[in-house]
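These notes are about the structure you will find just below.
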Amino acid sequence: MRLLLLEDDMTVAQGIVEGLARSGMGVDHLESAEPAEGAIALTNYDLVMVDLGLPGMDGLEFIRRIRLRNIALPVLILTARDGLEDRVRGLDIGADDYLLKPFLLPELQARIRALIRRSSATTASEVTFGPLCFNLGLRTATLLKCHLDITMREWEVLQHLILSAPNVTTKQKLADSLSSWDNEISTNAVEIYISRLRGKLQDSGVLIRTVRGIGYRLELI
Amino acid sequence: MKFSKSTIRPYSLRNKLTGYLSIPLLVLLGISIVTDYREGMNVANTAYDYALFSTALVLASRLDLDDKGVDIDLPSEVDTVLRTDAEDKVFYAVVLQNGNLVAGDAQLAALDIPSAAEGVSYHDAMLDRASIRVATYRFTPKNNLLFPTRILVAETTKKREHAATRVMVTTLWTDILLIATSLSVVFFGVRHVLAPLDVLSKQIARRQSDDLSPISETGTSNEIRPLLWAINRFMKNLQQSAAAQQAFISSAAHQLRTPLTGLQTQLELAAESPPDEVFQRLAAIRISALRMGHLTKQMLALARASVVGTSMEMESVELSELLERAASDFIDMAIQRNIDLGFSSDPVIVSGSRWMLRELLSNLIDNALRYTADGDHVTVRCGTGVDRAPFLEVEDDGPGIPEGARDKVFERFFRIDEQSTVGSGLGLSIVKEVAMLHKAIVTLHTPSSGHGVLVRVNFPALALSSSKS
C-alpha cells in the first residue's frame, strides 16, 4: 500500500509517516502541492492525504486540479479548519473523506482502509476485509483463503457491511437492498441472515457487531 | 471609519431641501405672473371701458332721427377729435338694425360681436390682426321707435396692456424678493440646524476603536436624540458582547493552561526518568494531549455556534439520520469504555442547521459516555412527542446530576466535580447554545429507572404546512 501525504508541518508529517509505516503503509511526504502533481503522475499511489492550508497552491486547488485531470485517486483531507463551508467545499470539489485535526492514529488508519476498500470496489472489483476476500464481479467470497459458502442474500448483506465499514449500516438499509431483488423483506428477516452469517464467520477474526436499535457493523477482532 | 465618512456630508441634505423648495416656489411665481397680469388687465379695462362708453354716448347724441331715416351730424373735426388717442387707434360705427351703416368704419361694423339687448356691453375682438376692445351701445331713440340703433366704439389694447404689465411687474418684484428670502433662509438655516450632526460625526470619528462609552445627549435637539439613543443602545450591546467574548477568551486560556501544564510537567519528568518509567509517563502525557484536543474542539464549536447564530442557514434535517451518523461516530468510544450504546429512532424532520444539530447530539452522547461507568447503558432517541413536536433525548444510567447542580451544568466551564478532568465543561453549554438558536428547550430528568440522567431537547412543533419558509 503506497500513500502520498501533503503536509507542511514537519512534526505532524513525521508522526503520520511513522505511525502508518507501522501498520504496513508506505508514505511519501511532500511539503507543498506543486511537486505533488508530478509525483502522482509517476507513482501509482493508492491514496493521497491533503492538508488544506499548504504554502503556495492551496490543498483545495490541488484536489480540483487532479479531479479535472480525471485521476480517480482517493483523496482524504486532513485539516485544522473545521468550518462547515470548507468541509462541504472539499467534498464538493472531489475529496472522498475529511478528517479533522487533531486526530488519533487508529482513526486515520481506519479511514484510509475504508477509502481504499471502497475505491478498489469500483476499480479492481476485489475487496478485502482482514481475512475476508470479496470478488464483486464473480460474486464469490473467500475466508482465510477458503471458499465461503454463502447464499446470494447473505452475500448482499455482507457486501453492504464490508463497503460501509467502519461505519454502522442500518437494518433498514439492509432490508431495502434485499427487497430490491426480492419481495418486501422485513427487518426481522435481516436478523435471520445476520445470524446465519455470524455462524459462517465464527472464529475467523471477522465479527458482525449489533448496534442496539440501529443496525450492524463489520469489525476485525 | 466608513461610518464617519458617510455622515460628513450634510450639504447634500441642504441642496436637496433647497431644491425641493425652489420647484414649488417657481411654479407659484409663474401662476402669480399670469394672475397678476389678468388682474391688471381687469383694472385697466374698468377704467378705459368707461371712456369708450362716453364716446358712444357722444355719437348717440349726434344722431338725427326722423320718419324717413337716420342721419348723423358728424363734421370731420368732430370725427378727428373722437379718433384722437395718445397710444391706441380708435374705431367707431353706427349701425341700424337692418345692417345699414350710418357712419364710421365698415370693418368694425362687419365684425360679428354679440351684444346685450339694450344698454352697453364690452367685448374683446380682433381687427386687422390687432386685438381690440369693443363697447357696443344698443338703444332705441325715444322719439323714433322704428329705428333701434347699435353704436360700436373700439380701440386697440396697447395702453391697457401697458397698464396690466405695470401692475404685474410691481407685484413680481415683491414675489421674487419673497422667494429669494425663503430659499436663502433654508439654505443657510439647514447648515445651521445640521451643525450638531456635523459635530456628532466628528466626535464619533475621533473615537478610539475600543471606546464604546455612550455619546452625551446634552444640548442635542429632539430630532437628533432618537439617533443618539439608537447609537448608544447599539454601543451598549456591542460592549456587552465584547465583554462576554473577552471573558470567554480568558477563561478558555485558563482552561487550556491546565492540561498544558500537565503535559509540560509530564514531558519534563519523562525526559529525566529512567527508560522503564518513561512508558508510564506517556499514558499521562497522552491523556493531557487528548484533553487539550477535546477542549479546543469544544471551544471552537461554541465560538462558531455563537458567531454563526445570527446568520444561520436553515434546512430540513432528518433527526434519525443524525442518529445513524452518531452511531458510527461513537460506537468505538462505547466499545472501548464497555458501555452499551443503543438507539431508538422514529423518522422526524426538524428545521435547522445540520452541523449544529450534529454538534448538539455529539455533545449529549459524548457527555453520557464520559460520565457513565463500565457496563452502563446509554440510549439515544428521537421522534415526535405530544403536539407533533420533535424531540431528541439521551439517557444514561450513570451517576446522574445532583438536584442542586442542574441549573449550573449549562454554564460554560462548569463541572460537577471541580477536580474532575474528564470533560471540557463546555458540552452542555454548546447544547444549550444550539438549542436556543433552534428555539428548542433542553430539560434534565431522572430516568424512570431512578438513576442516571435523561437530557431531552424539545423542538418547537412543526407548522402544519411543511412548505419551506
Side-chain angles (χ1 to χ4, degrees), chain A residues 11-12 15 19 78-91 97-111 113-115 118 160-176 187 207-221, chain B residues 286-305 307-308 311-313 315 318 320-336 339-347 353-359 362 365 377-383 395:
Chain A
T11 319
V12 173
L78 307 177
T79 184
R81 290 187 210 166
D82 74 336
L84 182 77
E85 313 75 46
D86 287 325
R87 210 174 308 185
V88 170
R89 257 175 68 207
L91 297 178
D97 204 357
Y98 201 99
L99 196 56
L100 212 58
K101 291 177 184 171
F103 48 78
L104 298 176
L105 270 174
E107 198 182 354
L108 178 63
Q109 287 163 355
R111 297 281 187 107
R113 284 208 191 89
L115 278 182
R118 257 167 254 158
H160 249 85
L161 292 174
I162 286 186
L163 291 182
S164 47
N167 286 341
V168 175
T169 312
T170 63
K171 223 187 245 185
Q172 191 57 50
K173 273 200 191 110
L174 291 175
D176 290 347
T187 49
L207 168 131
I208 300 173
R209 181 182 294 277
T210 305
V211 183
R212 179 161 56 92
I214 208 150
Y216 305 94
R217 188 173 78 151
L218 204 62
E219 288 174 12
L220 287 172
I221 298 167
Chain B
R286 189 163 162 269
I287 288 170
S288 295
L290 283 178
R291 267 181 68 200
M292 279 184 67
H294 179 66
L295 192 58
T296 44
K297 184 181 166 289
Q298 297 288 77
M299 289 195 298
L300 262 174
L302 192 57
R304 266 170 49 212
V307 169
V308 174
S311 58
M312 189 168 62
E313 266 180 45
E315 53 188 324
E318 173 60 75
S320 58
E321 276 173 20
L322 289 186
L323 261 63
E324 282 170 29
R325 178 79 197 234
S328 295
D329 289 346
F330 285 97
I331 189 70
D332 283 317
M333 186 175 172
I335 293 168
Q336 200 189 344
I339 290 164
D340 174 31
L341 174 63
F343 296 83
S344 158
S345 68
D346 284 329
S353 150
R354 188 181 304 276
W355 73 263
M356 273 199 230
L357 290 171
R358 229 186 103 186
E359 206 71 57
S362 296
I365 300 175
H377 302 79
V378 172
T379 305
V380 186
R381 300 185 195 92
C382 73
E395 179 185 330

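Just so it is clear: chains get the letters A, B, ... in the order the sequence lines come, proteins before strands, and each one is counted from 1.
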Ranking B:Ala289, B:Ala327, B:Ser345 by heavy-atom pairs under 4.5 Å to chain A gives rank one to B:Ala327
Between B:Ser328 and A:Val168 the two heavy atoms that sit nearest each other are OG-N, 2.7 Å
NZ (A:Lys173) and CD (B:Glu324) are apart, to the nearest 0.5 Å, by 4.5 Å
Checked A:Lys101, A:Glu219, A:Arg217 vs chain B; the most non-hydrogen pairs under 4.5 Å come from A:Arg217
Counting heavy-atom pairs under 4.5 angstrom with chain A, the leader among B:Leu341, B:Asp332, B:Ile335 is B:Ile335
Does atom CZ of A:Arg118 have more than 12 heavy-atom neighbours, drawn from other residues, nucleotides or ligands, at distances under 6.0 Å?
yes
Bottom line for B:Asp329: the part with an atom under 4.5 Å from chain A's heavy atoms is neither
Note: A:Pro102 and B:Gly293 closest approach over all heavy atoms is CG-CA, 3.8 Å
OG1 (A:Thr170) and CG (B:Leu323) are apart, to the nearest 0.5 Å, by 11.5 Å
Separation between CZ (A:Arg209) and CD1 (B:Ile331), nearest 0.5 Å, reads 6.0 Å
